[in-house]
Amino acid sequence: MFILLSFMRLLSRLVLLLFFPVVSFAGIADNPLLGIKSSAMGGTITSIGFDGSAAFYNPATMTFLKKNYLNLGLNYNSPKTLFLMNTGEKYYSSKSGLLPISLYGVYKFTDKVDLGLAINNPFQNNISWDKNWAGKYICISNKTNVQNIQPAISYRVNNKFSVGGGLMFAFYHHQVSRALNYENASGDVIMNYELKGTALGLNLGLNYNDKKWHFGFALRSGLNYKNAKGEATLENAPSSLLANGVLPSSNSEVTANIKLPSVVSLGAAYELDQNWLVTMDMNIYNWANIDSLEIKVSNYQQYNFSINQDLAGSYAIRFGARYNYSKKLILRGGFAFDLAPVLNTYVHPAYPEYNKFIYTCGASYHLKKSFSVDAFVGYSDIKERKETKNINNFNGTYKANAFIGGIGLNYEF
Amino acid sequence: MNFNWKIIAVALITSIVSCKPDLNEPRYTSGQADFSRFVSIGDDFGAGVSDGALTRNGQLSAVPYLLATKFQLADGGDFTQALMQDGNGAGYNFISNSLTGSIYLSSYTNCQNKTSLKILNNTFDNRSFDWLGANHYNNYCIPGLKSFQTYSQFTGKSYPAGNLFYHRMASDTGVSGLSSTVLGDAQYLNPTFVMVWIGASDVYNYAFSGGIGEVGGLTPFDITPVDTFEAAISYIFNGLIGSGQKGIVVNIPDLQDIPYFNSLPYNGLKLTAQQASDLNAISPPGISFSEGNNALVITEPTGGIIRQIKRGEYILNVINADSITCGGWGTPQKPIPANYVLDSLEVSKIDNRIAIFNSDLRTAANSKGFAFFDYNRFMANLKNGYSFSGVSATSNMFYGGAVSLDGYHLTPRGCAMVANECIKSINAKYKSNLPLINTVDYSGVLFP
């Protein structure tokens with residue numbers, strides 16, 4: 001009975017919040033669900049740390065953790081996108097699962113100072129379409145990964161307030177392929193672009209805790225890859241076109257300037273009683289000045305790979321709840337609404353993202369005194385959108401969804 | 001709390017994993033049109049001639065055929081064609097005045113030791129003109145067919161000098177003395193929807209033969225007289241098309257927009273200072289060269305006089321860049337023969353006649369309330385590029401993707417683009433909502 005009442009109370013609160021006029025986002029390649037516990041709660045984590053992942057999301061919350069943590073997590077994300085062309089054909093993206101692995105640690109260095117380490121993939125994207133699909137000249141596959149290694153430190157100013165910060169060493173790796181508009185008897189010429197870059201970023205956080213209330217603020221700087229480099233290679237190139245110079249006869253150098261957005265997060269959490277915690281986060285993504293991506297091919301600029309999108313700043317609103325079911329079992333649930341930074345008409349097959357609703361739930365189970373296992377599953381319902389301004393008039397309607405999940409090992413001491 | 005968690009979890013997970021996104025396709029309707037019996041009448045363009053020949057593959061991407069595949073989504077009927085045998089098909093070479101198979105692209109090393117592309121001929125398939133029997137078809141677009149040949153018995157089987165591409169598909173046996181006509185065969189199906197794309201052969205046979213024919217004649221290399229053309233249009237629109245039928249009319253492209261005539265620039269003779277002065281020393285008065293690009297030297301049609309070509313005059317694609325750089329053509333020693341050249345007088349006659357025919361076609365379309373597709377403008381725009389559904393093309397020779405190797409007829413992909421523009425016109429005119437054709441499914445130029 002008590003559970004039911006608490007649940008009703010929670011539900012009414014959620015409903016109230018839902019009708020509050022806010023919108024939100026998750027973004028082109030942003031990967032917000034990187035901690036198993038917080039992911040189960042819709043991605044809410046800015047105001048309160050749950051485990052080692054605090055080092056990444058809001059370093060300031062580390063000092064209010066009661067123990068040292070070591071967390072290993074494996075996530076799964078399998079977006080499936082449908083493209084309905086204006087010719088009536090339907091194309092599905094092929095299975096393009098992401099399996100980000102994260103490792104987090106928090107160590108109580110002194111009473112007031114905590115040290116942390118986060119190794120994860122804050123930006124990830126992986127999509128591939130059939131080699132002969134209608135958008136092959138625009139994009140066949142697109143795989144982006146940012147591998148982040150981030151040491152963090154936090155300082156407890158007093159019993160209520162703490163500050164924290166971290167340095168992000170972020171390694172960028174991007175692989176794109178598309179067909180060029182030349183073919184021979186066995187099919188199209190395919191150009192594969194591969195790029196790598198390194199960037200340094202900054203994480204700052206504030207945390208305020210007062211009795212049952214928790215508030216957090218976190219800023220993650222953008223990542224700026226000023227001169228990412230790599231090379232472009234060809235597949236199935238007709239020998240005549242290699243010989244007469246229409247196509248590059250050897251691998252070409254490629255360069256690009258890549259910018260990834262900064263994220264500002266605000267969070268609040270409230271302990272309804274000793275078993276119930278409700279959380280709410282807002283993330284603001286600064287995509288506004290990142291409108292285009294152009295991978296330039298040296299000496300062959302006609303084969304540049306470019307994405308022009310009129311991106312807008314965007315945000316996400318997240319809600320979560322945690323319930324201590326028993327000493328061994330903790331249950332979690334959450335919901336998020338993400339507003340895409342891409343304007344309706346500019347959706348690109350390399351990043352077919354759009355506004356989405358994410359529903360999540362999960363649990364933790366204590367195995368032994370210091371070991372527990374965390375898990376979550378979720379479903380991301382990506383709204384349909386009609387595109388009318390893509391390059392080469394490649395227009396149609398996109399619809400996507402994704403099954404997400406993760407499992408993690410938690411060690412505390 | 002006796003939930004069976006396992007069952008719930010398994011059910012939940014399977015339902016989520018198996019659920020892939022979906023969208024509903026629109027329902028297609030023919031609007032005010034009736035596609036149940038669709039017949040097309042015309043020449044090469046609608047026949048599906050590509051790479052210099054009529055082949056089975058070309059027929060299966062002919063514009064009327066592509067339209068029919070979409071009509072069928074809105075209660076359209078079958079669309080039969082007089083399909084060729086698989087293979088090289090049959091085409092006509094205006095320069096050698098002979099039958100040929102389709103052409104293909106090959107690469108070779110030229111005199112400057114650079115890799116260059118050239119066109120080679122497949123052999124003519126001698127099964128091509130076997131009579132297919134007393135049948136009727138939906139596609140009466142026939143290679144080389146001129147407007148007045150649609151109703152003339154002289155086109156038919158009793159007349160060996162008629163159109164061989166019609167003879168193979170004519171409905172009569174050819175022994176009675178009175179031949180069937182193209183128009184008569186087309187009428188047989190009592191079409192509800194008609195495509196008319198005629199008139200190009202009335203002008204371009206003259207152009208392809210380098211202007212050796214007459215302007216205002218009825219032999220193969222002539223330009224059709226205006227009153228003959230207009231009478232033919234009247235026959236088609238009042239005979240084949242009575243009242244109440246719907247349809248689409250497509251017009252004729254301009255000479256300047258056809259790669260076969262414009263791919264070699266008039267000043268394509270590139271010389272060094274030394275070469276220029278050497279040529280000046282042997283040149284007759286009125287011909288002079290300087291370092292850089294120079295106008296090519298041609299022979300006049302009469303008197304054997306040589307002169308330099310002017311801007312706005314065209315060299316047929318029989319002569320290509322390698323003929324100049326390696327073959328020495330276009331110089332006083334080796335002037336380009338008159339029948340490879342369209343001089344300014346010939347060009348103006350052609351341009352003038354195309355303008356009249358196009359105006360007649362538009363008038364006829366308007367009088368019947370037909371949809372109209374301006375192929376003339378399409379080809380003009382194609383020079384600067386055209387893109388549709390993620391595929392872009394230009395009218396560049398070889399590299400553009402829309403125009404086939406013969407420089408005049410379209411590739412299957414070019415046909416798909418034209419068919420899409422026709423569908424847009426039809427949808428707009430008759431309030432149908434036919435879907436467009438996926439151009440990536442049709443190939444452009446194949447490179448070696």
Side-chain angles (χ1 to χ4, degrees), chain A residues 3 78-90 92 132-139 179 181-189 237-247 325 349 359 361 377-379 381-382 384 390-405, chain B residues 1 5 9 12-28 70 73 104-110 113-118 385-394 398-402 411 413 416 420 423 433-441 443-448:
Chain A
I3 293 172
S78 70
K80 188 101 185 160
T81 303
L82 162 67
F83 180 65
L84 173 64
M85 254 184 104
N86 51 3
T87 56
E89 273 98 343
K90 286 179 184 175
Y92 282 95
N132 294 313
W133 90 296
K136 64 186 178 181
Y137 299 117
I138 298 168
C139 175
N181 210 342
Y182 300 112
E183 58 189 315
N184 61 22
S186 55
D188 297 291
V189 184
S239 56
S240 62
L241 299 185
L242 294 174
N244 72 4
V246 168
L247 294 172
Y325 179 75
Y359 311 88
C361 64
V377 289
Y379 177 71
D381 180 18
I382 302 166
E384 88 179 58
N390 208 331
I391 51 169
N392 295 342
N393 300 314
F394 185 62
N395 300 325
T397 310
Y398 287 94
K399 173 89 182 86
N401 61 26
F403 174 67
I404 52 181
Chain B
M1 296 298 269
W5 289 104
L12 191 72
I13 288 170
T14 28
S15 68
I16 288 171
V17 172
S18 62
C19 158
K20 60 181 187 178
D22 203 9
L23 289 167
N24 292 330
E25 247 188 273
R27 279 182 59 84
Y28 303 114
K70 297 301 165 188
L73 300 173
Y104 64 98
L105 210 48
S106 162
S107 69
Y108 69 107
T109 305
N110 72 8
N113 212 21
K114 285 181 180 161
T115 300
S116 206
L117 295 168
K118 69 174 171 188
Y386 172 89
S387 69
F388 173 79
S389 286
V391 183
S392 56
T394 68
F398 304 158
Y399 300 108
T411 59
R413 181 165 291 173
N420 277 339
I423 290 172
N433 69 339
L434 301 171
L436 300 172
I437 289 155
N438 197 351
T439 44
V440 285
D441 293 341
S443 57
V445 169
L446 298 185
F447 290 93

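Atoms considered below: every heavy atom in the structure, side chains included; atoms not considered: hydrogens, waters and symmetry mates. By convention in this document, chain letters (A, B, ...) are assigned in the order of the sequence lines, proteins followed by strands, and residues within each chain are numbered from 1.
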note = Between the CG atom in L436(B) and the CG atom in N395(A), the distance rounded to the nearest 0.5 Å is 10.5 Å
key: Residue list, side-chain contact (heavy atoms from CB on, under 4.5 Å) with A179(A), at least two apart or on another chain   = K136(A), Y137(A), I140(A), D188(A), I190(A)
Report yes if the side chains of [X] and [Y] come closer than 4.5 Å at any heavy-atom pair, otherwise no.
X	Y	result
F398(B)	L241(A)	no
K114(B)	N244(A)	no
D22(B)	Y92(A)	yes
V440(B)	M85(A)	no

Atom of [X], atom of [Y] and distance for their closest heavy-atom approach:
X	Y	value
F447(B)	S240(A)	CB-OG, 4.1 Å
P21(B)	L82(A)	O-CD2, 3.7 Å
N86(A)	S389(B)	OD1-OG, 3.5 Å

Portion of [X] that has a non-hydrogen atom of chain A nearer than 4.5 angstrom:
X	answer
N420(B)	neither
N24(B)	backbone
Y28(B)	side chain

query = Sub-3.5 Å donor-acceptor pair from the side chain of K90(A) to the main-chain atoms of L23(B), do we have one?
reply = yes
request  = Please check if the side chain of N438(B) supplies one atom and the backbone of A134(A) the other of a donor-acceptor pair under 3.5 Å.
outcome  = no
key: Contact origin within E89(A) toward chain B - heavy atom pairs under 4.5 Å   = side chain
task = With a 4.5 angstrom heavy-atom cut-off, could you sort out which part of A400(A) is near chain B: side chain, backbone, both or neither?
result = backbone
inquiry  = Suppose we screen for side chain to side chain donor-acceptor pair (under 3.5 Å). Which residues come up paired with Y182(A), at least two apart in sequence or across chains?
reply    = none
inquiry  = Please identify, among L105(B), L434(B), V445(B), the residue contributing the most non-hydrogen atom pairs under 4.5 Å to chain A.
reply    = V445(B)
ask   = For the candidates V189(A), N184(A), D381(A), which exhibits the highest count of non-hydrogen atom pairs separated by less than 4.5 Å from chain B?
value = N184(A)
request  = Give the member of I382(A), N132(A), L84(A), T81(A) that has the highest number of heavy-atom pairs under 4.5 Å with chain B.
outcome  = L84(A)
